[in-house]
Number of protein chains: 2
Amino acid sequence: MLDKEEVKNSIIAVARQIFSRFGFKKTTMDEIAIASRKGKSSIYYYFESKEDIFQAVVEKEASMLKRELQEAIKPVVDPKEKLKVYVLVRMKTLKNLANYYDAIRSEYLSHLDFVENIRKKYDEEEILMVEAILKEGAEKMEFNIENTRLAAIAIVTALKGLEIPMFWQNNEDSDMEKRLDDLINILFYGLVRR
Amino acid sequence: MLDKEEVKNSIIAVARQIFSRFGFKKTTMDEIAIASRKGKSSIYYYFESKEDIFQAVVEKEASMLKRELQEAIKPVVDPKEKLKVYVLVRMKTLKNLANYYDAIRSEYLSHLDFVENIRKKYDEEEILMVEAILKEGAEKMEFNIENTRLAAIAIVTALKGLEIPMFWQNNEDSDMEKRLDDLINILFYGLVRR
DNA sequence: CGACCAATCGACCAAAATATTCGAATTTTT
DNA sequence: AAAAATTCGAATATTTTGGTCGATTGGTCG
């Protein structure tokens, strides 16, 4: 019938929805089991623990966001535009996932080591992505940067700081686009060779 | 300092938010206490139990919806228009409270008697509101109804049936208005004297 | 001040909820 | 039909949580 991996993935998909709505603590294995149309014990056949499922969900989440970003910037040629698209897509996706991060952020996830690990790994990957854009821009003489890694870190850090939900809530999409434009100007104006 | 009643209300306001997000079961007294910046025991100084708070929240919710409806139809004179405004506002408010009812609906609230009681009392009041509109319409020879109470019950029942979230989810507001227009025509066309 | 009352809270408990395990049943594969 | 993979109900171990109690704080009034 179904591959074991497929069943696992379907459980992850189901769990993702519930976790995104209720967060880690308030999500129960019973709910995951029922929503997956499985006995609770069957879930444990595929995953070791609740944390294990959560980890799988978070990892998939991160890799999906990463791929989305890569696909988005791939066709863009102009480095400045590329950076803009990057920030735009990142923020948009983040807004879509707002519930998820919202439900997660406030919890005691600091107790869960793997969350920190994934975050760090993903942060590093994101820095590399941004750095690649900056390097390309520097080579094409579009950006005026020496230390591309430092700049990438600064940008990624800044973007993380802007994850605060308040900044994005209660706003139309069109409004958001305009605001992002301003934001990008503020952040990167100094980088652009004029 | 603050009146006791004011503190109670502030706790209700806080609890409302949490209940609306997580439903009855998943909301804990600890959360309500922390969000209210009070010790848990202090909450019990104002309320007898978790159910007690929930009841207060639901009652306030119901009375607010009722008042909103009354305010909305008050200035309208034409009965047909009045009925339309009534349905429109009712559905809009309901959509705003969708999360709330969503989180509540699926739970085992049938175990909590008072929920049924409030619902019944509120249903009756809503029937009376609609009946008043219909009576006025009948008097003004706008509506062609004999048994206004029966008609009111039918309308309210129909509206309740339409509370199903599927009907309202994933739709723009403008779209909704148009759909409500159709709905009203379908529901009440037979009533209107032509 | 000091007796009184209103309000607050930390620590505690029993009950309920929940994660996890186990062994048996059931299905699928060989 | 034996073996392996998968499912699940019931039992267990652990945590969470609604609710209580006694002590404490802080304001008020004589």
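- When the C1' atom of D:dA4 is taken as reference, atom NZ of A:Lys4 falls 11 Å away, rounded to whole Å.
- At C:dA19, none of the side-chain N or O atoms of A:Lys25 fall inside 4.0 Å of OP1 or OP2 (strictly under the cut-off).
- Dashed line: the shortest gap from a side-chain N or O of A:Tyr46 to OP1 or OP2 of D:dT7 is under 4.0 Å.
- The base of D:dT17 does not come close enough to the side chain of B:Lys50 for any donor and acceptor atom to sit less than 3.5 Å apart.
- With rounding to whole Å, B:Ile43 atom CD1 is found 14 Å from D:dT20 atom P.
- Remark: of the listed residues A:Glu126, A:Glu59, A:Glu125, A:Glu125 is the sole one forming a salt bridge (charged side-chain N to carboxylate O under 4.0 Å, His left out) with A:Lys66.
- For the residue pair A:Glu31/A:Thr28, the side-chain donor-acceptor check at 3.5 Å is satisfied.
- Between A:Tyr45 and D:dT7 there is no side-chain polar atom (N or O) within less than 4.0 angstrom of OP1 or OP2.
- For B:Ile34 and C:dC9, the CD1 to P distance is 12 Å, given to the nearest whole Å.
- Between A:Tyr44 and the phosphate of C:dC22, there is no side-chain N or O to OP1/OP2 separation shorter than 4.0 Å.
- B:Met29 places its CE atom 17 Å from the C1' atom of C:dA17, with the value rounded to the nearest Å.
- Summarising the geometry, the separation between NZ on B:Lys38 and P on D:dG19 is reported as 19 Å, rounded to the nearest angstrom.
- Heavy-atom minimum distance, A:Lys50 versus A:Lys25: NZ-O, 3.4 Å.
- If you take NZ of B:Lys40 and P of D:dC21, they are 14 Å apart, rounded to a whole angstrom.
- Here D:dT7 is the nucleotide among C:dT8, D:dT7, C:dT20 with the atom lying nearest to any side-chain atom of A:Ser42.
- In this structure, CD1 of A:Ile53 is placed 9 Å from P of C:dT20, rounded to the nearest angstrom.
- Remark: P of C:dA19 and CD1 of A:Ile18 are 11 Å apart, rounded to the nearest angstrom.
- Shown here, D:dG30 forms a base pair with C:dC1; the pair counts as Watson-Crick or G-U wobble because both key distances fall under 3.5 Å.
- For A:Lys38 against A:Ser42, the heavy-atom pair with the smallest separation is CD-CB, 3.9 Å.
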Margin query: Let's go through B:Ile32 and B:Phe19 carefully: what are the C-alpha distance in whole Å and the side-chain angles of both, what is the deciding distance for side chain to side chain contact (heavy atoms under 4.5 Å, CB included) to 0.1 Å, and is it a yes or a no?
Written below: CA-CA 9 Å; B:Ile32 295 175; B:Phe19 278 131; 4.2 Å; yes

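- Residue B:Thr27 is classed as a sugar-phosphate contact, given heavy-atom separations below 4.0 Å to backbone atoms only.
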